[in-house]
Amino acid sequence: MSTGPVPARGRVLLCSACGGVIVFVELYADGRKTNAEAARLTLATKYHTEASPMCADAPVFDGPDVDACRCRVPLRIERPEGLFCAKCNGLIAPHVRPEWPPLKQEA
């Protein structure tokens, strides 16, 4: 029984050349990606290599597993590990930001 919203579960993918965050990819419980998530990974990798040419031939590797906040209005709480949502207990960070609501609609 859930007491609130459920965070998105996924993994942060990192560049092996610079260590930068490429993208957060949501995963199924068994670790598979949807086709849409695989397309997002490809596009994010392309954008990263265009912005940082030294990373062009570097592979992407799996970073930490993350529970990402997807609440429309997160209830922010600071913890030693970072900024989290008190409603869903998910991480609030730019690299795990949901696509909804779009930035232009937020106050």
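Side chains are part of it too, since the values below use all heavy atoms of this structure and drop only hydrogens, waters and symmetry mates. Only a predicted model underlies this, so the values are computations on that prediction, with no experimental measurement involved. Position 1 is the first residue of the sequence; numbering continues from there.
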Do the side chains of Ser16 and Pro59 get nearer than 4.5 Å, heavy atoms only? yes
Can you check whether Arg11 reaches Val25 side chain to side chain, under 4.5 Å on heavy atoms?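 With C-beta onward as the side chain, the pair stays apart.
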Fellow cluster residues of Tyr47, listed by chain then number, with links counted only when side-chain atoms sit under 4.5 Å apart: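 Reading the cluster by chain and number, Tyr47 sits alongside Leu43.
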Acceptor/donor pairs from residues 74-83 side chains to any protein atom, 3.5 angstrom cut, sequence neighbours excluded:
| unit_1 | atom_1 | unit_2 | atom_2 | d |
| --- | --- | --- | --- | --- |
| Arg79 | NH1 | Asn89 | OD1 | 2.6 |
| Arg79 | NH2 | Asn89 | OD1 | 2.8 |

Please confirm whether the backbone N or O of Thr49 pairs with a side-chain atom of Ser52, one donor and one acceptor, at under 3.5 Å? no
Judged by atom type as modelled, is there a donor-acceptor pair below 3.5 Å linking the side chain of Lys87 to the main-chain atoms of Val73?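 Checking the backbone N and O of Val73 against the side chain of Lys87, a donor-acceptor pair under 3.5 Å is found.
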Test side-chain contact (heavy atoms from CB on, under 4.5 Å) applied to Asp65 and Arg9, step by step: CA-CA 7 Å; Asp65 288 347; Arg9 299 189 188 281; over 6 Å; no
For the CG atom of Leu91 and the CG atom of Asp67, what is their distance to the nearest 0.5 Å?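 So the CG of Leu91 and the CG of Asp67 are separated by 9.0 Å.
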Partners of Ala17 by side chain to side chain contact (heavy atoms under 4.5 Å, CB included), sequence neighbours excluded? Cys15, Cys55, Ala58
Suppose we screen for side chain to side chain contact (heavy atoms under 4.5 Å, CB included). Which residues come up paired with Leu14, at least two apart in sequence or across chains? Val12, Val21, Phe61
Keeping to residues at least two apart or across chains, list the salt bridge (Lys or Arg N to Asp or Glu O under 4.0 Å) pairs with something in residues 17-28.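 For residues 17-28: Glu26-Arg70.
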Arg40 vs Val23, test: side-chain contact (heavy atoms from CB on, under 4.5 Å). Steps then yes/no. CA-CA 8 Å; Arg40 280 184 60 245; Val23 70; 3.3 Å; yes
Search all heavy atoms of Phe24 against all heavy atoms of Ala68 and return the closest pair with its distance. CZ-CB, 3.8 Å
